[in-house]
Amino acid sequence: MTRLSVEMLAADTVEPITSAGHAQLGIAVLLGIAVIVLLITKFKLHAFLSLTIGSLALGAFAGAPLDKVITSFTAGLGSTVAGVGVLIALGAILGKMLADSGGADQIVDTILAKATPRSMPWTMVLIASVIGLPLFFEVGIVLLIPVVLMVAKRGNYSLMRIGIPALAGLSVMHGLVPPHPGPLVAIDALGANLGVTLALGVLIAIPTVIIAGPLFSKYAARWVDVPAPDRMIPQRASEELEKRPGFGATLATILLPVVLMLAKALVDIVVDDPDNVVQRTFDVIGNPLIALLAAVIVGIFTLLRPAGFGKDRLSGLVEKGLAPIAGILLIVGAGGGFKQTLIDSGVGRMILEISEDWSIPALLLAWLIAVAIRLATGSATVATVSAAGLVAPLAADMSTTHAALLVLAIGAGSLFFSHVNDAGFWLVKEYFGLNVGQTIKSWSVMETIISVVAGALVLLLSLAI
């Protein structure tokens, strides 16, 4: 790849911010990431501030003029928020509608009513995977934990046998399947096709969630034998509602954006003619923004109206749904700024040349970088946006499918071994009433299984397609 083609990957800049050599750039990257890690882990600084300071530090260590570093950072922040910010907001609104209307509880209760004791772990992973499609990981946990604890308590099940499949379903969706923030950011950074990434993500997610969920839960139940803690069973949203939406309407609303985006990807492959009316139509309705917006509009009639929500309550619901994502948007934006600083400083070109010299497959390199940043920072989102910035040049000459697989390799690596520097670790520990050792033997091992299995499946798929 030529120097010019690498530099053209930068969203809003036209020239590199520095021409430092490999050694200086390598040291600058390590020091920049070290600054981010120390600020997040040692000084407990918010990831947005840490990424911003780390980006400036990276440019300074690389010997770049500060004004050019600032320009690169702000350009990257702006382009990232412009690319994924609205999608994250629409996803948050849809998730809030699903939770507050009782639609999520309706799906859970309907599926559980048909489950048998033998099928219960499989039922829980199915529920978590469906619920996890439009919901952020933390929201999904808050919604599903009451169900997990009640099922374990009333059915006298092992908490791990029920809880691990639910957590696996949520985590796999969070790391591999758009419209979750991590995959969206990586898709935007690498210029990958969202529909193809979604299709391959679902394909990889199915065996991954089976292995890390129902199958691993057998061993987790032996290693961590604890009862469901009574004190952690909170009130469910639908307990305050007189009525709630039907199962079919709720499921159709959740799956609508997925179906539209997959339909666009399929039409693009089959028709492959940009001037064709059918393809142009599906390019519009399968656009992520239109697909998610359609689901939100449909949800007003399928979720909120049946639950008795009026116009005033709809406005309040949207405000409450958007409030929690402010921090996510800022982190994602700052991650985009960090990515752009990496690219404009020439780090991407350096990674490209090193990977050629060492003969490391691009997908494996992306996975390893994401793993390292995940272990250091504890944040899957930070790992995803940072790794995407580092390996972005590798996607320039890739096919559509391999660019999508590069996104999934990063997503898989970003889930590796959650431990004490990850907020999700403590969330699971407290909700399930575990100690640190028990959380590592269950949750942390499960996350590692997801990362390794998904990463291996990405590599295998790359050989076949």
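Just the heavy atoms: all of them, side chains too, but no hydrogens, waters or symmetry mates, feed the values below. The residues of the chain are indexed from 1 along the displayed sequence.
Met261 contributes atom CE, which lies 14.5 Å from atom CG of Leu266 (distance to the nearest 0.5 angstrom). Summarising the geometry, atom OH belonging to Tyr219 is positioned 10.0 Å from atom CD1 belonging to Ile449; distances are rounded to the nearest 0.5 Å. Atom OG1 of Thr197 and atom CG of Leu190 lie 8.5 Å apart (nearest 0.5 Å). Of the inter-residue distances, the one linking Thr341 atom OG1 with Phe73 atom CZ reads 6.5 Å to the nearest 0.5 angstrom. One distance of note links CD1 of Ile206 with OG1 of Thr208; it measures 9.5 Å at 0.5 Å rounding. For the atom pair CG (Leu289) and CG (Leu90), the distance works out to 6.0 Å, reported to the nearest 0.5 Å.
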Legend entry - Steps toward side chain to side chain contact (heavy atoms under 4.5 Å, CB included) verdict (Leu405, Ile465): CA-CA 10 Å; Leu405 289 174; Ile465 59 177; 4.1 Å; yes
Inset, instruction - Apply side chain to side chain contact (heavy atoms under 4.5 Å, CB included) to Leu194 and Leu184, showing your working. - result: CA-CA 8 Å; Leu194 190 144; Leu184 281 178; 3.5 Å; yes
Inset, instruction - Might you work through the side chain to side chain contact (heavy atoms under 4.5 Å, CB included) test for Val125 and Ile210, ending with a clear yes or no? - result: CA-CA 8 Å; Val125 80; Ile210 289 173; 5.9 Å; no
Inset, instruction - With side chain to side chain contact (heavy atoms under 4.5 Å, CB included) as the test, would you mind laying out the steps for Leu126 and Val130 before giving the verdict? - result: CA-CA 6 Å; Leu126 174 63; Val130 172; 4.2 Å; yes
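Here side chain to side chain donor-acceptor pair (under 3.5 Å) pairs that include residues 160-170, with residues two or more places apart or in two chains, are Arg161-Ser217. The stretch residues 445-465 participates, sequence neighbours left out, in these salt bridge (Lys or Arg N to Asp or Glu O under 4.0 Å) pairs: Arg374-Glu447. Residues in residues 374-411 take part in no ring pair (Phe, Tyr, Trp, His ring centres under 6.0 Å) pair, two or more places apart or across chains.
The ring-ring contact (aromatic ring centres under 6.0 Å, His included) check on Phe216 picks up Trp223, with sequence neighbours excluded. In terms of the salt bridge (charged side-chain N to carboxylate O under 4.0 Å, His left out) criterion, residue partners of Asp283 (sequence neighbours excluded) are, by chain and number, Lys264. Scored by the side chain to side chain donor-acceptor pair (under 3.5 Å) test, Thr401 finds Ser399 as partners (sequence neighbours excluded). Residues satisfying the side-chain contact (heavy atoms from CB on, under 4.5 Å) criterion with Ala370, sequence neighbours excluded, are Ala387, Ile410. A search for side-chain contact (heavy atoms from CB on, under 4.5 Å) contacts involving Leu322 returns Ala89, Ile93, Val318, Ile325, not counting sequence neighbours. Leu317 pairs by the side-chain contact (heavy atoms from CB on, under 4.5 Å) definition with Lys96, Met97, Asp100, Leu304, Phe309, not counting sequence neighbours. Legend: residues meeting side-chain contact (heavy atoms from CB on, under 4.5 Å) with Val35, ordered by chain and number and at least two apart, are Leu39, Ile53, Ala57, Phe61. Applying the side chain to side chain donor-acceptor pair (under 3.5 Å) rule to Thr253 yields the partners Thr302; only residues at least two apart in sequence or on another chain are considered. Scanning for side chain to side chain donor-acceptor pair (under 3.5 Å) contacts around Ser451 gives Trp367, with sequence neighbours left out.
Within the 4.5 Å cutoff, side-chain heavy atoms of Leu167 are placed close to those of Trp443. Inter-residue side-chain proximity for Met124 and Val148 is flagged as met; some heavy-atom pair is nearer than 4.5 Å. Residues Phe338 and Ser386 have side chains in contact (heavy-atom distance under 4.5 Å, counting atoms from C-beta outward). Put simply, the side chain of Val177 does not reach to within 4.5 Å of the side chain of Pro183, judged on heavy atoms. At least one side-chain heavy atom of Leu434 sits less than 4.5 Å from a side-chain heavy atom of Met160. In this structure the side chain of Phe416 reaches within 4.5 angstrom of the side chain of Val452, judged on heavy atoms. Counting heavy atoms from C-beta on, the side chains of Ile254 and Ile107 come closer than 4.5 Å. At a threshold of 4.5 Å between non-hydrogen side-chain atoms, the residues Pro207 and Val453 do not count as touching.
With Gln340 contributing its side chain and Ser72 its backbone, the two residues share no donor-acceptor pair below 3.5 Å. Ser444 contributes a side-chain N or O that, together with a main-chain N or O of Ser418, makes up a donor-acceptor pair within less than 3.5 Å. A donor-acceptor contact shorter than 3.5 Å is absent between the side chain of Thr80 and the backbone of Leu77. The backbone N or O of Phe425 lies less than 3.5 Å from no partner atom in the side chain of His419, so there is not a single donor-acceptor pair. Looking only at distances, a side-chain donor or acceptor of Ser345 sits under 3.5 Å from a matching main-chain atom of Leu342. Listed for the Gln24 side chain is a donor-acceptor partner under 3.5 Å among the backbone atoms of Ala62. Distance alone, capped at 3.5 Å, places no donor-acceptor pair between the Thr384 side chain and the Gly182 backbone. Checking side-chain atoms of Gln438 against main-chain N and O of Asn435 turns up a donor-acceptor pair under 3.5 Å.
When every heavy atom of Leu406 is checked against every heavy atom of Ala362, the shortest pair comes out as CD1-O, 3.8 Å. The shortest non-hydrogen separation linking Gly195 to Leu262 is O-CD2, 4.0 Å. Nearest heavy atom pair, residue Val69 against residue Gly59, reads CG2-CA, 3.7 Å. Among all heavy-atom pairs drawn from Leu170 and Ala128, the shortest one is CD2-O, 3.8 Å. Nearest heavy-atom pair, His174 versus Ala380, reported as atom, atom and distance to 0.1 Å: NE2-CB, 4.3 Å. Considering all non-hydrogen atoms of both residues, Ala334 and Thr52 come closest at CB-OG1, 4.1 Å.
Put simply, the residue from Val258, Leu203, Leu176 that forms a side chain to side chain contact (heavy atoms under 4.5 Å, CB included) with Leu198 is Val258.
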